[in-house]
Q: 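Below: one structure in structure tokens.
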Amino acid sequence: MYCLDVSFKSPVRALSRSLVGICLLCFLAGGQQLTSWQEDVRRCAQAQDWSTAIAIVDREVARAPKDMDVRAWRARLLTWSGKLPEAELEYQRILTVVPNDPDDWMGLAAVYSREGRTKEALQALDCAVELDPKRADLRSARAGALRAFGSEEEARLEFNRAMALDPTNAEARAGLLSLHGKPRHELLLGTNTDLFSFADANQDEGITLISQWTSRWRTSVAIDGYHWGGTDAEKFVASLTGKLPRWGALTVGGAAAHDNGVIPKDEGFFDYDRGFKVHGSPFLRGLEFVYGQHWYWYSAARILTINETTLFYLPRDWTWSLGLTGARSHFSGTGTEWRPSGMTRLGFPITRWEERHLGGNVFFAVGTENFAQINQIGQFSSQTYGGGLRLQFTDRQDVTSFAAYQRRTQDRAESSFGLTYGIHF
């Protein structure tokens, strides 16, 4: 088995951070004459003491409830402190009274982007740019929204407009570089080792090429080699993934092998993957559901697995997944048997510095067998404990590792570990 990437990367999240960052930097940089309470709020914002800052602004709102500038301060603070439903409501109240301030429209767009509502964020930025088409920061923010929406050509044009208005605009320059240098291919080189308390070690290696040809079509091809119990085997795997924004992604694939009796001769599989954004929840950012079926054909056995996995995207880049598998085994001369199994995994960030990111995960599985190995299916039950790490050196290189310990019936045990190096180009 190969390690899974536990990070959650999204152009929507990049847009959110960009918009919020623009607003916050402008606010902290200042440039205008401030009253005493505004200076107090700025100091609290620099210290990220949001509750005190909001309390100060609430006091000013009580004194002048119709002052939209004061309410704009409150809306920004609510956004930065993560109180997005309140921030959205505040901006809508402001824009009902003062619909011609582009900064308020950009603030509303920042709220929408943090909620994952890219279409609404783009509409709000359209209004901001229409009100002041010569502001480079608005053009750059709109370009980011177009990129997150999947309109890369329009995003490139808008980033160029921002650069024409302000050649020093760092956000626009970075946006253009991200469009020009976006990798389309990923090459994975992996190796895994299984150590047994009752048999010799197993070793396997693999090379996988994943190609994102368009925003809707992706292919994957892999060649794997196995060295088990003095027997060698090889396998070729290929799959095609089609994606539609409102319908999710469907993957169909298969495998053929020179099996030597230790791996399946042929395999077929499909997966359907559908994700949903969750709005207004402080505990959950999104959900992803994956349903799949996988057929394994051995010379003397047939296996069908039905897999259902739910992935929860939590705050601060944490993830939690829960998977259930039902397996139907049929051996020559015997009847059909169904066996259940399950697995849960918790992913979390550890640290980041400059371009480098380090994340980890821990997992637990029960009743899980490896249906791709003939000497394991239908013969034991188990509990597996493990974890992994992923170090991203740059946006084009990463290393993923895992280790696991499996406790089986019949007083047997297995220890596994592996490493995968990824290159994006």
Q: Is there side-chain contact between Ile210 and Arg218, with heavy atoms separated by less than 4.5 Å?
A: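 A side-chain contact exists here, since the closest heavy-atom pair is under 4.5 Å.
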Q: Should Glu414 and Arg408 count as an ion pair when the cut-off is N to O under 4.0 Å?
A: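 Yes, charged N to carboxylate O under 4.0 Å.
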Q: For a quick test of reading the model, state the closest non-hydrogen atom pair linking Ser178 to Gly175 and the distance between them.
A: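 Heavy atoms of Ser178 and Gly175 come nearest at OG-O, 2.6 Å.
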Q: Listed by chain and number, what are the ring pair (Phe, Tyr, Trp, His ring centres under 6.0 Å) partners of Tyr226, not counting sequence neighbours?
A: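 Once residues adjacent in sequence are excluded, the partners of Tyr226 under the ring pair (Phe, Tyr, Trp, His ring centres under 6.0 Å) criterion are Trp228.
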Q: Can you list everything that forms a side-chain contact (heavy atoms from CB on, under 4.5 Å) with Ala413? Sequence neighbours excluded, please.
A: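 Ser197, Tyr405.
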Q: With sequence neighbours excluded, what pairs up with Phe283 under the ring pair (Phe, Tyr, Trp, His ring centres under 6.0 Å) test?
A: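 Partners of Phe283 under the ring pair (Phe, Tyr, Trp, His ring centres under 6.0 Å) test: none.
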Q: Going by the rule side chain to side chain donor-acceptor pair (under 3.5 Å), which residues pair with Glu120 if we only count those two or more places apart in sequence or in a different chain?
A: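 Partners of Glu120 under the side chain to side chain donor-acceptor pair (under 3.5 Å) test: none.
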Q: What I want to check is whether the side chains of His185 and Ser211 have a donor and an acceptor closer together than 3.5 Å.
A: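 A pair is found: one side chain offers a donor N or O, the other an acceptor, under 3.5 Å apart.
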Q: So, are Arg63 and Glu60 salt-bridged, with charged N and O less than 4.0 Å apart?
A: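 Yes, this pair counts.
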Q: Which residues pass the ring pair (Phe, Tyr, Trp, His ring centres under 6.0 Å) test with Trp318, not counting sequence neighbours?
A: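 In terms of ring pair (Phe, Tyr, Trp, His ring centres under 6.0 Å), with neighbours along the sequence ignored, Trp318 is linked to Phe348.
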Q: Checking Ile306 now: which residues fulfil side-chain contact (heavy atoms from CB on, under 4.5 Å) with it, not counting sequence neighbours?
A: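 Scan of Ile306 (side-chain contact (heavy atoms from CB on, under 4.5 Å), adjacent residues dropped) gives Tyr291, Gln293, Leu304, Trp338.
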Q: With sequence neighbours left out, which residue pairs that include part of residues 89-100 fulfil the salt bridge (charged side-chain N to carboxylate O under 4.0 Å, His left out) condition?
A: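 Every pair satisfying salt bridge (charged side-chain N to carboxylate O under 4.0 Å, His left out) with a residue in residues 89-100: Arg71-Glu90, Arg74-Glu90.
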Q: Check whether any side-chain heavy atom of Leu187 lies under 4.5 Å from a side-chain heavy atom of Ile207, and answer yes or no.
A: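 Sidechains of Ile207 and Leu187: in contact.
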Q: Compare all side-chain heavy atoms of Ile54 with those of Leu78 and state whether any distance is below 4.5 angstrom.
A: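 Side chain of Ile54 against side chain of Leu78, heavy atoms only: contact under 4.5 Å found.
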Q: With a 6.0 Å cut-off (strictly less than), is the heavy-atom count around CZ of Arg135, excluding the residue itself, greater than 12?
A: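 Enclosed.
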Q: Report the residues that fulfil ring pair (Phe, Tyr, Trp, His ring centres under 6.0 Å) with Tyr421, sequence neighbours left out, ordered by chain and then residue number.
A: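 Testing Tyr421 for ring pair (Phe, Tyr, Trp, His ring centres under 6.0 Å), a comparison that skips the adjacent residues, returns none.
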Q: Anything under 30° is parallel, anything over 60° is perpendicular, the rest tilted; go ahead and classify Phe276 against Phe289.
A: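 Geometry flag for Phe289 against Phe276: perpendicular rings.
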Q: Decide if atom CD of Gln92 counts as having more than 12 heavy atoms of other residues, nucleotides or ligands within a radius under 6.0 Å.
A: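 Check passes, neighbour count above 12.
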Q: Would you please name every residue forming a salt bridge (Lys or Arg N to Asp or Glu O under 4.0 Å) with Arg43, sequence neighbours left out?
A: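 So Arg43 forms a salt bridge (Lys or Arg N to Asp or Glu O under 4.0 Å) with Asp40.
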Q: Side-chain contact test, heavy atoms from C-beta onward, threshold under 4.5 Å: evaluate it for Arg139 versus Pro133 and give yes or no.
A: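 They are in contact (side-chain heavy atoms under 4.5 Å apart), so the answer is yes.
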Q: Tell me if the CZ atom of Arg184 is crowded by more than 12 foreign heavy atoms within 6.0 Å.
A: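 12 or below, so no.
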Q: Can you spot which of Gln392, Arg356, Arg390 makes a side-chain hydrogen bond (donor to acceptor under 3.5 Å, both in side chains) with Asp398?
A: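 One option only clears the test, and that one is Arg390.
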Q: Would you find a donor on one side and an acceptor on the other, under 3.5 Å apart, between the side chain of Arg173 and the backbone of Pro167?
A: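 Side chain of Arg173 to backbone of Pro167, a donor-acceptor pair under 3.5 Å: yes, one is there.
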Q: Does atom CZ of Arg274 have more than 12 heavy-atom neighbours, drawn from other residues, nucleotides or ligands, at distances under 6.0 Å?
A: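 It does: Arg274 CZ has more than 12 such atoms within range.
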Q: Under 4.5 Å between any side-chain heavy atoms of Asp137 and Asp166, yes or no?
A: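 Side-chain contact under 4.5 Å: no.
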Q: Going through the checks in order, is the salt bridge (Lys or Arg N to Asp or Glu O under 4.0 Å) test met by Glu39 and Arg42?
A: CA-CA 5 Å; Glu39 289 286 4; Arg42 174 166 291 172; 5.1 Å; no
Q: Inspect the contact between Arg339 and Glu337 and indicate whether a charged nitrogen and a carboxylate oxygen are less than 4.0 angstrom apart.
A: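 A salt bridge is present here (some side-chain N lies under 4.0 Å from a carboxylate O).
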Q: Who passes side-chain contact (heavy atoms from CB on, under 4.5 Å) against Cys44, sequence neighbours left out?
A: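 Applying side-chain contact (heavy atoms from CB on, under 4.5 Å) to Cys44 gives Asp49, Thr52, Ala53, Ile56.
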Q: Do NZ/NE/NH1/NH2 and the carboxylate oxygens of Glu267 and Lys235 come within less than 4.0 Å?
A: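 Lys235 and Glu267: salt-bridged.
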Q: Looking at side-chain heavy atoms only, is the closest gap between Phe402 and Leu419 below 4.5 Å?
A: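 Of all side-chain heavy-atom pairs linking Leu419 with Phe402, none is under 4.5 Å.
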Q: Using the side chain to side chain donor-acceptor pair (under 3.5 Å) criterion, which residues pair with Trp247? Sequence neighbours excluded.
A: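 So Trp247 forms no side chain to side chain donor-acceptor pair (under 3.5 Å) with any residue.
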Q: For Ala249, what residues pass the side-chain contact (heavy atoms from CB on, under 4.5 Å) criterion, not counting sequence neighbours?
A: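 side-chain contact (heavy atoms from CB on, under 4.5 Å) check on Ala249 returns Thr241, Lys243, Asp273.
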Q: Are Arg117 and Glu88 ion-paired here, with the side-chain N under 4.0 Å from a carboxylate O?
A: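 Salt bridge: yes.
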